[in-house]
Amino acid sequence: MAAGYVDLLRTRHAARLLVGTLVGRLPNATGHIAIVLFTRAEGGSYTLAGALAAVYGLATAVGQPLLGRAVDLRGQPAVMLPAAVLSALGMAAFAFVGIGSLPLAYAAVGVAGLFTPPLEGGLRALWPDVLGRADKVHAAYALDAVAQEVMFTVGPLLVTLLVALWSPGAALLVINVIGVLGALSVVVSEPSRRWRSAPREAHWLGALRSPGLLTLLGSFFFVGLALGSITVAGVAYADDQGRESVYGWLMAALGLGALLGGVVYGARQWVGAPERRLRVLVGLLALGYLPLTSTPGVWLMCVLAAVSGVFLAPSLACAFIVVDRHAPRGTVTEAFSWLVTTFGVGAAVGTGVAGPAIEGGGTAAGFAVAGAGGVAALLVLLGTVRVLAAPVGGGQVAGSAESDRNGAVEPGFSAGHQA
């Protein structure tokens, strides 16, 4: 298992691109908590902190697909680095302006979110050209999903460490400088500089004209909703237990499950159409969320949380492959960015829905929202089997070709080309 990942990372440029992308995405992974901590340190209320964080999140959701389309049209360096710098400048302005002028504060976090570079989609567009073989691309998507779990765990810890050592304002500045350096590392690399999207048909809908992609977005909106509701229900469960630390244990268990699931999934060669496998994975994901409504004792609840996370990273990794197969030619970065955006919007909706559910029906009702989200995600995929049966992203891929270790990059992985 480990040998496959080591072999992948030994491929020229692979480790650099993966690490650079994760570092470059650090500001986005920590933006919400950094904004909340800074606002509270400046004397702002939780309501104001939440509102600023919400503006940042909404602006990010708007900016990702727009910047992704720009990358497909103009290449990665021309878009990624300027966007990273503008995003960092927006957050720096927030750090210096503070909350003394609320219009400026909102504008600053809005700029920071809007210009967050679409590094995540950009990396997935690069993998086929860098790795060359479909089996390696498949493993890379899984490794990418696992690395995200690590980043979203380590990132907040880094922010709190910087706050403890210096100040919330310094944390904002340092994190965003690190982010720019990560983006710089990616865009000056040879694969990023040479990558060009395949020629695209001029269409105002861009990637959204693909029915298959719309189906995926609908499904993963509900997956995001499930995950977002769990974060709120977890807080309520910890309150019920009278120990704040319980929340940390639950989230750690969820992340550990996702990490283990992603590692195992990516290490295996898979046969058959990924669309069919995605339905199975999302079904297992939904099944894993349902037992959380029983809200047993802490240790058993942690076990259930870990089990519920096992199929998250595999579902995401498989979804990346399906996105590549269904994205219209020349729109792959935009398509990946739409998936990221939809997942994030779903998570935000989940946090909003879980609160009233908990107030009306208790902690179990909050976890029931997660279960309902998982079931809804599965129903979307089951109701659109015919739509997903016809990939359009660069050609139809034979179901058995995905695991062909001796084959070149298959048509469904034609994310771009080297100039």
Please report the interatomic distance [atom1]([X]) to [atom2]([Y]), rounded to the nearest 0.5 Å.
X	Y	atom1	atom2	answer
E275	T384	CD	OG1	10.5 Å
L254	W249	CG	CH2	15.0 Å
M91	F115	CE	CZ	13.5 Å
T363	L292	OG1	CG	12.0 Å
R277	C318	CZ	SG	4.5 Å
L22	L123	CG	CG	8.0 Å

With a 3.5 Å distance limit and no angle check, can you tell me whether [X] reaches the backbone of [Y] through a side-chain donor-acceptor pair?
X	Y	result
S219	A377	yes
T39	I35	yes
T342	W338	yes
R69	E334	no
Y237	P296	yes
T21	L18	no

Inset, instruction - Write out all pairs satisfying side chain to side chain donor-acceptor pair (under 3.5 Å) with one or both partners inside residues 73-89, taking only residues at least two apart or from two chains. - result: Q76-S192
Inset, instruction - Could you walk me through whether F320 and L316 pass the side-chain contact (heavy atoms from CB on, under 4.5 Å) test, one step at a time? - result: CA-CA 6 Å; F320 300 154; L316 288 170; 4.0 Å; yes
For the residue pair [X] and [Y], establish whether any side-chain heavy-atom pair is separated by less than 4.5 Å.
X	Y	answer
L287	F311	no
V111	L89	no
L52	I99	yes
Q64	T116	yes
T60	Y56	yes
V71	W195	yes
M80	V186	no
L158	T30	no

Do you know the tightest heavy-atom contact between [X] and [Y]?
X	Y	value
S308	G288	CB-O, 3.4 Å
H326	L213	CB-N, 4.1 Å
P118	L67	CD-CB, 3.7 Å
A84	A183	CB-CB, 3.8 Å
L290	G371	CD2-CA, 3.8 Å
L388	G212	CD2-O, 3.6 Å

Inset, instruction - Decide side-chain contact (heavy atoms from CB on, under 4.5 Å) for L216 and V380; before the verdict, give the C-alpha distance in whole Å, the side-chain angles of both, and the deciding distance to 0.1 Å. - result: CA-CA 8 Å; L216 286 170; V380 170; over 6 Å; no
Inset, instruction - Show the numbers, then the answer: is there a ring-ring contact (aromatic ring centres under 6.0 Å, His included) between F38 and F94? - result: CA-CA 9 Å; F38 178 75; F94 178 54; 4.9 Å; yes
Inset, instruction - Please say whether more than 12 non-hydrogen atoms of neighbouring residues, nucleotides or ligands are located less than 6.0 Å from CZ in R16. - result: yes
Inset, instruction - Answer yes if the ring centres of Y289 and F367 are under 6.0 angstrom apart, and no otherwise. - result: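 No, the ring centres sit 6.0 Å or more apart.
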Inset, instruction - Verify side-chain contact (heavy atoms from CB on, under 4.5 Å) between L66 and S337, making sure each step is shown before the conclusion. - result: CA-CA 8 Å; L66 295 177; S337 298; over 6 Å; no
Inset, instruction - May I have the step-by-step check of side-chain contact (heavy atoms from CB on, under 4.5 Å) for L119 and N28, ending in yes or no? - result: CA-CA 10 Å; L119 291 165; N28 184 238; over 6 Å; no
